[in-house]
There are 2 protein chains.
Amino acid sequence: MTQTQGERKAETRALLLAAGADLFADRGIDAVSVDAVAEAAGRTSGAVYAHFGSKQGLLLAVLDAWKQSVLTVLFAEVAMSDSPLGQLAAVWDNIGNNPDTDSDRWSLLEHELWQRATRDPEVADVLRARSVESRGRSARELSRWASTMSVQPVADPDDLATLVKALLTGLEMQRRIEPDSVNCDLAVRGLAALLGMPPVPEIPIQPHHRVNATPSLTTHPPRER
Amino acid sequence: MTQTQGERKAETRALLLAAGADLFADRGIDAVSVDAVAEAAGRTSGAVYAHFGSKQGLLLAVLDAWKQSVLTVLFAEVAMSDSPLGQLAAVWDNIGNNPDTDSDRWSLLEHELWQRATRDPEVADVLRARSVESRGRSARELSRWASTMSVQPVADPDDLATLVKALLTGLEMQRRIEPDSVNCDLAVRGLAALLGMPPVPEIPIQPHHRVNATPSLTTHPPRER
DNA sequence: CTACATATATAGTGATTCCTATGCAATACG
DNA sequence: CGTATTGCATAGGAATCACTATATATGTAG
């Protein structure tokens with residue numbers, strides 16, 4: 001039952017990071033006090049300062065954890081759908097179509113971080129690096145995808161990835177303000193246009209495949225061994 | 001030299017609203033204290049509470065002023081460009097291509113408000129209403145535009161307006177993180193694809209027309225008469 | 001000229017926040 | 001088994017914030 005000190009330390013760190021990500025996404029970074037994070041993690045503010053030194057330190061650590069866990073999945077798991085349009089639908093489904101899921105909270109956290117990056121160069125640097133890497137990955141996926149289907153996208157893979165990400169981001173934001181104005185069909189039409197596919201006929205959407213590989217945002221302390 | 005009480009009151013209100021919009025956009029709503037707004041307006045916090053009752057009241061008043069002053073210009077003034085691609089370039093130019101301008105700060109404020117709307121239903125309602133109206137306007141412009149040029153957009157005007165706005169929003173966000181990854185050419189290609197135009201050749205962009213009708217965000221107190 | 005009304009300034013209060021200094025109990029180690 | 005170390009808790013300080021209560025000065029009306 002007793003843990004080594006290293007184990008307890010790692011568990012505390014993981015709990016704090018999970019609680020931080022959760023609360024930051026939920027209430028907004030500024031509205032979350034250090035004590036709130038600590039309490040949500042079942043610890044006290046002392047633990048936060050022992051681990052991260054400051055609230056900004058906690059934020060950067062959360063950012064780091066976020067960095068290497070999201071959106072890797074964006075295109076990686078899409079190939080499981082059969083039809084090309086079904087694949088596009090699956091993409092949208094993972095980004096913006098499922099409220100109250102983990103990916104929903106991740107995207108809220110992403111917005112929170114984006115806004116922070118607007119004023120905090122330290123955060124902006126991390127986001128920029130992540131953006132480059134993520135775009136590279138998407139670009140590779142997209143160019144493979146475009147060559148297997150014979151379509152002619154509107155730009156080279158790197159730029160195309162930027163356009164796709166931008167459209168998805170914008171649609172997801174619009175969905176939060178006015179949910180009815182954005183649906184899967186619309187997202188698919190937009191994506192298809194960017195990808196240079198022929199115009200989409202009516203009601204072409206098959207039932208979606210939920211890609212369930214998004215890492216959990218809530219507590220996932222390292223399994224005790 | 002002496003003003004009537006009504007004049008001074010109106011001037012103070014305008015000063016406070018301008019200072020509020022400015023500071024909210026610049027530093028973020030939560031990071032701005034009531035005293036900071038008052039001081040920037042050359043008044044004290046007492047004036048803020050006399051006029052708006054609370055910080056939230058000030059925010060809603062700023063929101064109201066913002067509501068009826070932005071993005072009306074989005075498509076309204078675009079027709080002045082000659083070539084179709086030049087028109088698209090002008091659209092992007094007004095949204096996301098000019099840092100450190102008034103429209104730049106307005107868009108920062110818009111993001112600030114969007115984020116707020118995520119948690120504050122009062123703000124969300126206003127943004128939703130504005131979104132509906134703005135989309136309607138854009139849809140009308142777009143359908144006229146699409147019929148004069150003979151192109152076949154990827155969706156009906158209302159949905160098309162949503163796609164266009166989403167793409168522009170997403171690109172503008174990306175530009176703030178990684179300015180080099182977004183340029184006018186890219187925006188034009190994306191827009192052209194959504195509008196169903198034939199693929200854009202290389203380097204088709206002519207010098208942009210700066211549409212200078214965005215209302216100023218900084219102080220514009222009612223002219224004394 | 002006087003009495004009132006109003007717009008804004010001033011001063012202060014309680015609540016909240018981030019962070020520091022220190023204490024303590026459990027583990028690590030010789 | 002005793003000492004050192006470590007991980008975290010506890011308590012509190014200084015700053016900031018939204019907001020209130022009251023004062024003041026200036027315009028307004030009779």
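Because the structure is predicted, anything quoted here is derived from the model rather than measured. Here is how names work: the chains are called A, B, and so on, in the same order as the sequence lines, proteins then strands, and each is numbered from 1.
Among residue pairs with one or both ends in residues 44-64 of chain A, those qualifying as salt bridge (Lys or Arg N to Asp or Glu O under 4.0 Å) are A:D64-A:K67; sequence neighbours excluded. For residues 30-46 of chain A, the set of pairs meeting the salt bridge (Lys or Arg N to Asp or Glu O under 4.0 Å) definition, not counting sequence neighbours, comprises A:D30-A:R116.
Rounded to whole Å, atom P of C:dC18 lies 15 Å from atom CZ of A:F52. Following rounding to the nearest Å, A:Q56 (CD) and C:dC18 (C1') show an atom-to-atom distance of 13 Å. One atom, CG of A:L59, and another, C1' of C:dT17, lie 16 Å apart when rounded to the nearest Å. The distance from atom CD of A:E7 to atom P of C:dA26 is 17 Å, rounded to the nearest whole Å. In this structure, A:R8 atom CZ and C:dT27 atom P are separated by 9 Å, rounded to whole Å.
Of the charged side-chain nitrogens involved, none lies within less than 4.0 Å of a carboxylate oxygen, so that B:R137 and B:E141 do not count as a salt-bridged pair.
In this structure, of D:dC8, C:dA11, C:dT8, it is D:dC8 that holds the atom nearest to the side chain of A:H51.
Side-chain atoms of B:R176 and B:S107 form a donor-acceptor pair, as typed in the model, at a separation below 3.5 Å. Between the side chains of A:Q87 and A:W145, at least one donor-acceptor pair of N or O atoms lies under 3.5 Å.
Annotation: side chain of A:W92 is not in contact with side chain of A:L186 (no heavy-atom distance under 4.5 Å).
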Steps toward salt bridge (charged side-chain N to carboxylate O under 4.0 Å, His left out) verdict (A:E110, A:K165): CA-CA 13 Å; A:E110 186 168 2; A:K165 170 91 191 301; 3.7 Å; yes
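Heavy-atom neighbours of A:R144 CZ from other residues, nucleotides or ligands within 6.0 Å: at or below the threshold of 12.
Here B:A50 lies in heavy-atom contact (under 4.0 Å) with a base.
From B:T162, atom OG1 reaches atom CG of B:D156 across 8.5 Å, with rounding to the nearest 0.5 Å.
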Enumerate the protein-to-nucleotides 4-6 of chain D contacts in which both atoms are nitrogen or oxygen and the separation is below 3.5 Å.
residue : atom : partner : partner atom : Å
D:dT6   : O4'  : A:Q5    : NE2          : 3.3
D:dT6   : O2   : A:Q5    : OE1          : 3.4

Pick out the pairs of N or O atoms, protein on one side and nucleotides 13-18 of chain D on the other, that lie under 3.5 Å.
residue : atom : partner : partner atom : Å
D:dA18  : OP1  : B:K55   : NZ           : 2.8
D:dA18  : OP2  : B:V34   : N            : 2.9

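B:E178 meets the side-chain contact (heavy atoms from CB on, under 4.5 Å) test with A:R128, A:S131, A:V132, A:R135, B:Q174, B:S181; sequence neighbours excluded.
Within residues 36-44 of chain B, no residue has any heavy atom closer than 4.0 Å to DNA chain D.
Cation-pi geometry between B:R130 and B:W66 is met: under 6.0 angstrom from the ring centre, within 45 degrees of the axis.
The side chain of B:S45 places no N or O atom within less than 4.0 Å of a non-bridging phosphate oxygen (OP1 or OP2) of D:dC19.
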